[in-house]
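Both ligands and their constituent atoms are indexed starting at 1 by order of listing.
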Amino acid sequence: MSVLPKSVENVINEFSKLPGVGPKSASRMTYHYLRSPNKDATKLGQALVEMDEKTKFCSSCFNVTDEDICNICSSPLRDHSTLCIVEEPLDVVAFENSGIYNGLYFVLGGVISPAEGITASELRFKELEERVKSVINESEKGLELIVATNPSLEGEATAAYIQDIFNIFVKEGKIHISRLAMGLPTGADLEYADRLTLKRALEGRRDI
Ligand SMILES: [Zn+2]
């Protein structure tokens, strides 16, 4: 029988699900909240519930937002003829914080990873195709897709897959596809890249 009350065990279990958090850290975090004054545990709980209730995915780019269409997609000040394809919403945050990019985004929701059993059908390729087709129909300027998946094996495989599905549009001259330059070291995570590294990677992007 466990010596811990069930309610405490539940919290440890939930913290253990966080990325990079093992059972020991999860226990430490739980005890932090158990001991902390000012009802910090209640505040954390309420903040999580509020986030769950108020946020959704933008129906156009699938970034996290509290509107149907996020303020990036709906902004007339952004360049609607450039679409930067990223893995996760935090990659959008990295680009936005750097202030170096003024186009739109598309959040794939991950990368193709046979090792982790993630296939193309689990990512938003269908939605991406629909999005690209609708931009091609509306825009006379054409469209640039900037593939900004991480410089990992999975990120490269995903970039190749994107190239495959849109090859026909490239041949027809309707879009061109570029990939971030290798200023980012292999295995680096885009979301942690500093402004200068991101700027170099974006400026040095090459057609694929
Ligand atoms: Zn959006």
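With sequence neighbours excluded, the residues forming a side-chain contact (heavy atoms from CB on, under 4.5 Å) with Val170 are Asn167, Ile175, Ile177, listed by chain and number. Taking Glu96 as the reference, Ile72, Arg78, Val92, Tyr105 meet the side-chain contact (heavy atoms from CB on, under 4.5 Å) condition, with sequence neighbours excluded.
Contact check on Arg179 versus Glu156 returns a salt bridge, with a Lys/Arg side-chain nitrogen under 4.0 Å from an Asp/Glu carboxylate oxygen.
Protein N/O/S atoms nearer than 2.8 Å to the Zn ion (ligand 1) total 4.
Under the 3.5 Å distance criterion, with hydrogens and angles disregarded, a donor-acceptor pair is assigned to the side chains of Thr82 and Asp79.
Around the OH atom of Tyr161, the shell of radius 6.0 Å holds more than 12 heavy atoms that belong to other residues, nucleotides or ligands.
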Expected list for residues 36-50: side-chain donor-acceptor pairs under 3.5 angstrom, two or more places apart:
unit_1, atom_1, unit_2, atom_2, d
Ser36, OG, Tyr33, O, 3.4
Lys43, NZ, Asn38, O, 3.2
Glu50, OE2, Lys54, NZ, 3.2

